[in-house]
Amino acid sequence: MGVDGLVRTDYCGNIRTSDIDNEVTLFGWVQNWRDHGGVIFIDLKDREGIVQIVFDPSVNEKNHKQASKLRSQYCIGIKGRVRHRPEGTVNPNLKTGEVEVVVDELKVFSQSDILPFPVEEYVNVNEEIRLKYRYLDLRKPRMQKNIITRYKGAFAVRKYLDSQGFIDIETPILTKSTPEGARDFLVPSRLSQGKFYALPQSPQLFKQLLMVSGFDRYYQITKCFRDEDLRADRQPEFTQIDLEMSFVAEDDVMAVTEGIIESIFKETLGIDVKPPFKRIKYQEAMDRFGSDKPDMRFSLELKNLTDIAKTADFKVFNSVANSGGLVYGLNATGCINFSRKEIDDLTNLVAIYGAKGLAWIKVKENELQSPIVKFFGREQMDSILKALNAKPGDLLFFVADKPKVVYDALGALRLEIAKRLKLTDKNEYNFVWVTDFPLFEWSDEENRFEAMHHPFTSPIAEDLEYLESDPAKVRARAYDITLNGVEIGGGSIRIHRSDVQERMFRALNIKDEEAKAKFGFLIEALKFGAPPHGGIALGLDRIMTLILKEESIRDVIAFPKTQKGVCMLTDAPNDVDVKQLNELSLKVLKKKTEK
RNA sequence: GGAGCCGUAGUUCAGUUGGUUAGAACGCUGGCCUGUCACGCCAGAGGUCGCGAGUUCGAGUCUCGUCGGCUCCGCCA
C-alpha cells in the first residue's frame, strides 16, 4: 500500500481545523516555497487545493536541509502533524489557511526541470505553449476545476438518464462513410484493401437501429468526429450527449432534455434553471433576431421594413425590396454618440456577411443626421421611425439585401451592439428552444435541396404532401436548444416509415440506387416494425464552456487540437512509415502545398 | 479557399521617426534571512528579436515571402 511506506490519509486541500493534532500523510506538488533561512514554508498542492507545510530546523535538521533543495513542481510526499497556525499568521485566502502541517518525514519522488512557463493562475501564458505542455497547464486550479466540473456534469447526465430508464449502449467508431453532411475522417482498412471506414459524425443511424431493436430509450456520451475547419467552439472530435426514444413526440424529447440540463446545472453550479424553457419558431427567430440561435438575454430586435422600402425613392432600398430581397432595421438604442470610426467598424462587420453597406440614421432632438435621410419623404421617414420606435438619442441601422445576408449581417450587428452596450450577463442562463425548422435548404453549390437537419428528420405531417411539389414549404419535426445564443443541441422526430424515407431521399435528389447503397440498411430496417422515435444530441463541450464561463471549447477539453487540427503535445497528425502505408496499399501523392 | 490580429530572454511584456552594447518584471543560479504565504535583501547568468529574402550606410522597427498560434467568413446533414 502507498509509496515508500507512506499511505495518503488526506488531500492537501481538505485539511481543516478539525484535523488539528492528527498525523497526516499528504502527496502533492511544490507550488511555492518560502525559505527564511530558518523555517521553510512550502505550499503543497494536489487536485483539492493547497496546504502550507512547515520545516523547522529545531524540529528536524535533516528534513530541513532536504527541504531547502525543494523547487517548484517537485513531487513529494510528507508525513506530519496538523496544528493551528500561530496567532496573526492565519491566511484567510486559503481554505486551509487556519492550519499548517509540521513535517516529520519527507520523501521526494520526482524533481522538476525548470518550467517552460509558470504554473500559476495569475500568469497568462500563450496558448501555443500551454498546449505543448498541456500536462503542466492542467495542473493549474482553473483547468483542474474545468475538467472536474466537466466530469460532474457528465455524471449528472448519467444519473438522470438512468433514473429515466435510459440504457447506455456503445456504437461503432469504425463505421461507414456517408458523404451527406460533414466531411468524414477516413480510416483505411487493411483487411479490405483500398476500402475505408469513416469515424462517426454522430451515432445517428445506429441509435435509430437500436430503436428498431426495441431498446426503447438509449443514450451515450460519446465522441463524434467531423473533418471541418475549427473554431473557438468547434473541435474535430467532440463529445455529444446522444439519446433516442421510441413512441414519443417532440414534447417528450424536450422534457427529457430539460431534465438533463436541469441536472447538469444543479450538479455543477448548484443553479435551478427551472424548465420548461421558452420556445420560438425558426421563422420568428430569424425575423426578430436574425439568427436561428437567438440570444434572448436582451431585446434589440430587428424590424422588417421591406414594405415601407418598396415605396421609398431610395433606390438601394426599393430595388432590393421589389426583387425578393429584404430591408430590415435595427435600433441601437441610445447609441447616438457612436463615432464615425465606430460606425465604420460596424460597416466592416456586416461586410463579412456579404452586406454591401450599412445605412444609418442618428435621431437627434429636432433633426435626423444621416447620409440617406434625403432620399425619403416625410411620411415614409415617419413610418420608419415609428416601426423602429426611434427616440432622440437612438442610432438606427439598415441593411437591404438577400434574406440570408440581411439576417446574418443584422444578427451579427445585434450581437456586437449588445456586447458594446454590455447587455449580456454571463450569470444569466437563457435557454430557448427553436422549432419548426424548414426541412430543406436550397444549396446553390449543389443546385439541389439539402436537408437542413439531416435526411432522417420527419416532416410535419400536414406538410408531407408538399414533399415533392414544394419542398421549401415543408417544415421539419426538428428542434434545437440554445443557451445564450449558442446552439447546444439539436434533434428531431425521425422518419420511421421506409416509404417516407425513400421519398425523402428522392426529394434530396438522391437516386434510389445511391440511397440503397448508402442507406439501404436503414431503409430495410424501417420495414421490420420500426417504432415511431426521436431524439436529440447535446454538445457537452459547449455546455461546459458556458457553465465554466470560458471563451473557448479548448479550455474544457483535456487535450484539444489547434486551429489546424494539430495536437501540440504529441505532434499528431504525423508522417507514417512506408511499411505501414504498404500494408494498407496506400501511397501519399505530392502534397497540395508542394509545388 | 478567404479576411484580420499576433510572434522580442524560460514566462509576461516594453522597445520612440530606421541609429551606440535590445530593456523591465517574474522565473532561474549563488549568497543572506526563524512566521512567510505572488516572503524579503544582495549578486549573477540568460537574446540568431519565428524563419528567409529585399530596401538602406544602418532593420527588432520598413517591404515581400514563409512557418506557427488565435479570431472570423466559407465549411460544420
Side-chain angles (χ1 to χ4, degrees), chain A residues 31-44 50-59 64 68 71-73 85-94 96-97 100 113-133 136 178-184 201-202 204-205 224-236 238 345 348-354 405 408-409 412 416 437 439-441 443 445-446 449-457 476 478 487 490 492 504 508 510 519 537 539 551-552 554 561-564 566 568 592-593:
Chain A
Q31 185 58 30
N32 205 352
W33 76 99
R34 295 172 291 281
D35 184 344
H36 288 257
V39 68
I40 297 172
F41 300 107
I42 285 186
D43 294 333
L44 189 63
I50 281 175
V51 70
Q52 173 166 284
I53 64 176
V54 186
F55 294 86
D56 190 331
S58 63
V59 173
H64 178 267
S68 70
R71 292 295 180 266
S72 188
Q73 301 303 318
R85 291 192 183 195
E87 199 162 339
T89 64
V90 165
N91 183 349
N93 300 320
L94 285 180
T96 60
E100 62 190 12
D113 279 357
I114 308 241
L115 298 162
F117 56 85
V119 183
E120 293 281 2
E121 209 71 272
Y122 61 89
V123 183
N124 273 328
V125 183
N126 184 339
E127 192 171 3
E128 198 174 347
I129 198 153
R130 285 175 56 205
L131 291 177
K132 185 170 177 191
Y133 299 94
L136 292 179
T178 53
E180 285 287 301
R183 189 179 292 113
D184 286 320
Q201 298 174 25
S202 95
Q204 181 61 35
L205 295 174
C224 299
F225 306 86
R226 291 177 193 175
D227 189 7
E228 298 293 347
D229 286 7
L230 289 76
R231 287 282 193 284
D233 62 353
R234 274 163 36 187
Q235 283 273 305
F238 59 99
D345 287 346
N348 290 336
L349 173 74
V350 296
I352 292 171
Y353 300 90
V405 172
D408 288 353
E416 178 60 27
F437 281 84
L439 189 62
F440 300 104
E441 197 173 28
S443 166
E445 200 182 322
E446 299 281 329
F449 281 102
E450 290 190 326
M452 192 157 186
H453 192 53
H454 55 56
F456 319 108
T457 302
E487 181 195 333
S492 62
M504 180 72 181
L508 289 165
I510 299 174
F519 305 109
E551 296 292 324
S552 161
R554 294 184 296 278
K561 293 183 174 56
T562 67
Q563 200 176 45
K564 288 230 170 86
V566 169
M568 295 297 285
K592 271 188 182 173
T593 48

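All heavy atoms count here, side chains included; hydrogens, waters and symmetry mates do not. The chains referred to below are lettered A, B, ... by the order of the sequence lines, with proteins before strands, and numbering in each begins at 1.
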- prompt: With a 4.5 Å limit on heavy-atom distance, are the side chains of A:Phe456 and A:Met504 in contact?
  reply: no
query: Using atom P of each nucleotide, how far apart are B:C6 and B:U61 to the nearest Å?
result: 14 Å
Nucleotide forming a Watson-Crick or wobble pair with B:G7, both distances under 3.5 Å: B:C67
query: What is the nucleic acid contact for A:Arg554, judged by heavy atoms within less than 4.0 Å: base, sugar-phosphate only, or nothing?
result: sugar-phosphate
Euclidean distance for P, B:G10 against B:G4 (whole angstrom): 31 Å
- prompt: Which listed nucleotide (B:U71, B:C73, B:G35) is nearest to the side chain of A:His36?
  reply: B:G35
- request: Measure from the side-chain heavy atoms of A:Arg85 and tell me the nearest of B:C72, B:C37, B:C76.
  value: B:C37
- prompt: Which one is paired to B:A24, where only Watson-Crick or G-U wobble pairs with both distances under 3.5 angstrom count?
  reply: B:U12
query: Given the C1' atoms of B:C49 and B:G23, what is the spacing between them in whole Å?
result: 13 Å
field: Charged N-O contact under 4.0 Å between A:Arg234 and A:Glu228
entry: no
- line: Separation of B:C37 atom P from A:Asn32 atom CG, nearest Å, is 10 Å
task: Let me know the distance between NE2 of A:His64 and P of B:U34, rounded to the nearest Å.
output: 9 Å
task: Could you tell me whether A:Arg71 contacts a base, only the sugar-phosphate backbone, or nothing, with contacts defined as non-hydrogen atoms closer than 4.0 Å?
output: sugar-phosphate
- request: Taking atom P in both B:U16 and B:G50, compute the distance separating them and give it to the nearest angstrom.
  value: 14 Å
- line: Paired to B:G74 by Watson-Crick or G-U wobble criteria (both distances under 3.5 Å) is none
- request: May I ask you to test the A:Pro86-A:Glu100 pair for a side-chain heavy-atom distance under 4.5 Å?
  value: yes
- prompt: With a 4.0 Å cut-off on heavy atoms, is A:Glu100 in touch with a base, just the backbone sugar-phosphate, or nothing at all?
  reply: base
- prompt: How about A:Phe519 and A:Leu205: do any of their side-chain heavy atoms sit closer than 4.5 Å?
  reply: yes
query: Between the base of B:G74 and the side chain of A:Asp229, is there a donor-acceptor distance below 3.5 Å?
result: yes
message: With rounding to the closest Å, how many angstrom separate the C1' atoms on B:C57 and B:C73?
response: 46 Å
- prompt: Taking only N and O in the side chain of A:Thr89, is any of them less than 4.0 Å away from OP1 or OP2 of B:U36?
  reply: no
field: Nearest-0.5 Å distance that lies between atom CH2 in A:Trp33 and atom CG in A:Leu44
entry: 14.0 Å
field: Nucleotide nearest A:Thr562 when distance is taken to its side chain, options B:U71, B:G69, B:U34
entry: B:G69
task: Let me know the distance between NZ of A:Lys564 and P of B:C75, rounded to the nearest Å.
output: 20 Å
Please enumerate all protein N or O atoms sitting under 3.5 Å from an N or O of nucleotides 7-13 of chain B, with distances to 0.1 Å.
residue: B:G10; atom: O2'; partner: A:Pro116; partner atom: O; Å: 2.7
residue: B:U12; atom: OP1; partner: A:Asn126; partner atom: N; Å: 2.7

task: Name the pairing partner of B:U56, where a pair is Watson-Crick or G-U wobble with both distances under 3.5 Å, or state none.
output: none
- request: Give one of base, sugar-phosphate or nothing for A:Asp227, where a contact means two heavy atoms less than 4.0 Å apart.
  value: nothing
- prompt: Looking only at atom C1', what distance separates B:A24 and B:G69, rounded to whole Å?
  reply: 25 Å
statement: Checking B:C37, B:G74, B:C76 against the side chain of A:Arg231 (C-beta onward), the nearest is B:G74
- prompt: So, is A:Arg234 close to the B:C73 phosphate, meaning a side-chain N or O under 4.0 Å from OP1 or OP2?
  reply: no
field: Interatomic distance, A:Gln31 CD vs B:C26 C1' [rounded to whole Å]
entry: 14 Å
task: Measure the distance from CD1 on A:Ile53 to P on B:U36 and round it to the nearest whole Å.
output: 18 Å
message: Can you work out whether A:Met452 or A:Gly38 has the more 5'-proximal nearest nucleotide on RNA chain B?
response: A:Gly38
field: NZ/NE/NH1/NH2 to OD/OE distance under 4.0 Å, A:Arg34 and A:Asp43
entry: yes
message: For the C1' atoms, the ones on B:C51 and on B:C67, what distance do you get once it is rounded to whole angstrom?
response: 7 Å
Whole-Å distance separating the CD1 atom of A:Ile352 from the C1' atom of B:C73: 7 Å
field: Sub-4.5 Å side-chain heavy-atom contact between A:Asn91 and A:Arg85
entry: yes
- request: Classify the nucleic acid contact of A:Thr457 as base, sugar-phosphate or nothing, counting any heavy atom under 4.0 Å across all strands shown.
  value: nothing
message: Please confirm whether the shortest side-chain N or O distance from A:Arg34 to OP1 or OP2 of B:C39 is below 4.0 Å.
response: yes
message: What's the gap between B:G27 and B:G46 when it is taken at their C1' atoms, as a whole Å value?
response: 11 Å
message: How many whole angstroms separate atom CD1 of A:Ile42 from atom C1' of B:C39?
response: 14 Å
- prompt: Can you find a pair of side-chain heavy atoms, one from A:Lys561 and one from A:Arg554, that are under 4.5 Å apart?
  reply: no
task: Would you tell me if any nitrogen or oxygen in the side chain of A:Arg226 comes within less than 4.0 Å of OP1 or OP2 on B:C75?
output: no
query: Nearest 0.5 Å, what's the CZ-NE2 distance between A:Phe55 and A:His36?
result: 14.0 Å
message: Distance check needed: B:G31 P versus A:Asp35 CG, whole Å only.
response: 11 Å
message: Let me confirm one number: the CG-CG distance from A:Leu131 to A:Asn126, rounded to the nearest 0.5 Å.
response: 9.0 Å
message: My understanding is that a pair needs two contacts under 3.5 Å, Watson-Crick or G-U wobble. By that rule, which nucleotide pairs with B:A43?
response: B:U29
Residue whose nearest RNA chain B nucleotide is more 5′ - A:Trp33 or A:Met568: A:Trp33
